[in-house]
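Remarks on the structure that follows.
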Amino acid sequence: MGLTYGYDIYLRPGNVARALTALAALAPPARRVPPLELTLPDGERLALPFTSQFKSDPVDCTTGTTSAPRGTSTTIELDTSLMFGVDDVLREYADVYGRDIEEDGRIAIGYVYLTIRFSSLLHPRYASLEFWAATSGMSRVFARSPGVREVFTDLTAAAGGVCCLFDTGDGSPGQLCWLNGEATEDMVPVPDPRALAAKWPDPGR
């Protein structure tokens, strides 16, 4: 079984649209897929340059998808491709896997899978954006690359997130890389994520 490393961003449910708008700006400019029409539980609509379960069919979280029963959907699965600023780790990845580095010094990596939970597993009143790498090679890049970490911490900041954790996908608590408006200089092991979540501010404020 391969590695499935990722980054989990925690934010107020009302900030999910803001996060997805910032995420869409990270999509490769040359990627040609039909826009995915997404309706969030509060009725807000977005058009995203990604797919859901590798399809571009509209996703309506207020009524469920066409194959789901009626009732609000609390989880969305997206397939994304994202641009990252090249560092030494990403340059090595590009050489090994034959990926092109763009003129602006960025590289497209995908698929990066994304699960959006409007009621997160750590705190039911916070939403989560859970990004995870599709391959073991990509997982190692996620673990080693400062540029990858910066993209996810910057996205946390842009979305008004309260926390970003590096997740090894093996059931361990993970490592903290963003909290209360600041990135940590080094990723810090989190012994008890639920205790951490209990300290987050009231999401209604």
Side-chain angles (χ1 to χ4, degrees), residues 1-11 19-20 23-24 26-28 30-31 33 36 48-57 59 65 67 73-102 106-117 120-122 127-156 161 163-178 183-184 186-194 196-197:
M1 184 175 177
L3 303 175
T4 54
Y5 294 170
Y7 285 86
D8 302 336
I9 296 172
Y10 296 89
L11 67 168
L20 292 177
L23 184 67
L26 296 173
R31 191 179 186 211
V33 295
L36 175 71
L48 301 175
F50 308 123
T51 55
S52 178
Q53 299 180 2
F54 304 105
K55 299 178 182 179
S56 296
D57 299 340
V59 176
T65 61
S67 61
S73 173
T74 59
T75 304
I76 305 170
E77 304 285 346
L78 296 180
D79 326 299
T80 78
S81 180
L82 305 176
M83 301 295 292
F84 296 90
V86 171
D87 55 25
D88 290 344
V89 175
L90 285 164
R91 194 177 303 278
E92 179 184 344
Y93 179 82
D95 290 342
V96 170
Y97 291 96
R99 301 296 178 86
D100 293 329
I101 298 175
E102 303 295 328
R106 296 191 301 165
I107 181 174
I109 295 183
Y111 288 106
V112 178
Y113 299 121
L114 168 59
T115 299
I116 304 168
R117 302 182 196 275
S120 74
L121 299 179
L122 284 188
S128 62
L129 274 62
E130 301 167 11
F131 297 88
W132 51 284
T135 67
S136 292
M138 193 189 302
S139 288
R140 295 185 184 96
V141 169
F142 273 31
R144 297 172 51 218
S145 168
V148 169
R149 188 193 318 172
E150 183 178 15
V151 164
F152 289 114
T153 55
D154 284 354
L155 181 60
T156 306
C163 182
C164 180
L165 296 175
F166 176 70
D167 185 351
T168 56
D170 60 359
S172 62
Q175 297 173 310
L176 182 67
C177 48
W178 174 276
T184 58
D186 296 303
M187 291 193 288
V188 180
V190 178
D192 187 348
R194 292 190 179 276
L196 176 69

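Just so we're clear, the structure is a prediction, and the values are computed from it rather than from any experiment. All heavy atoms count here, side chains included; hydrogens, waters and symmetry mates do not.
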Could you grab the distance from atom CZ of R140 to atom OH of Y5, nearest 0.5 Å is fine? 7.5 Å
Of all heavy-atom pairs linking I107 and A94, the shortest is CD1-CB, 3.6 Å
Exactly one of V151, L48, L114 should register a side chain to side chain contact (heavy atoms under 4.5 Å, CB included) with L23. Which one does? L114
Any side-chain to backbone donor/acceptor pair from T51 onto Q53? Under 3.5 Å, distance only. no
Ring centres under 6.0 angstrom apart (F152, F166): no
Would you say the side-chain atoms of T153 pair up with the backbone N or O of A183, donor to acceptor, closer than 3.5 Å? no
Residues forming a side-chain contact (heavy atoms from CB on, under 4.5 Å) with P28, sequence neighbours excluded: R31, S81, M83, A108
Compare every heavy atom of A143 with every heavy atom of M187, then report the nearest pair and how far apart it is. CE-O, 4.1 Å
Would you confirm whether Y7, through its side chain, and F142, through its main-chain N or O, come within 3.5 Å as a donor-acceptor pair? yes
Suppose we screen for ring-ring contact (aromatic ring centres under 6.0 Å, His included). Which residues come up paired with F50, at least two apart in sequence or across chains? none
Looking only at the side chains, is there a donor atom on one of S145 and D87 sitting less than 3.5 Å from an acceptor on the other? yes
Below 3.5 Å, can you tabulate the donor-acceptor pairs from side chains in residues 171-178 to any protein atom, sequence neighbours excluded?
residue: S172; atom: OG; partner: T168; partner atom: OG1; Å: 2.8
residue: S172; atom: OG; partner: D170; partner atom: OD1; Å: 2.6

Angle class for the Y113/W132 ring planes (parallel below 30°, perpendicular above 60°, tilted otherwise)? tilted
Are there over 12 heavy-atom neighbours, none belonging to E77, within less than 6.0 Å of that residue's CD? yes
Residue among L155, T115, D8, D167 satisfying side chain to side chain contact (heavy atoms under 4.5 Å, CB included) with F131: L155
Scanning both residues in full, the closest heavy-atom pair of I9 with C164 reads CG1-SG, 4.0 Å
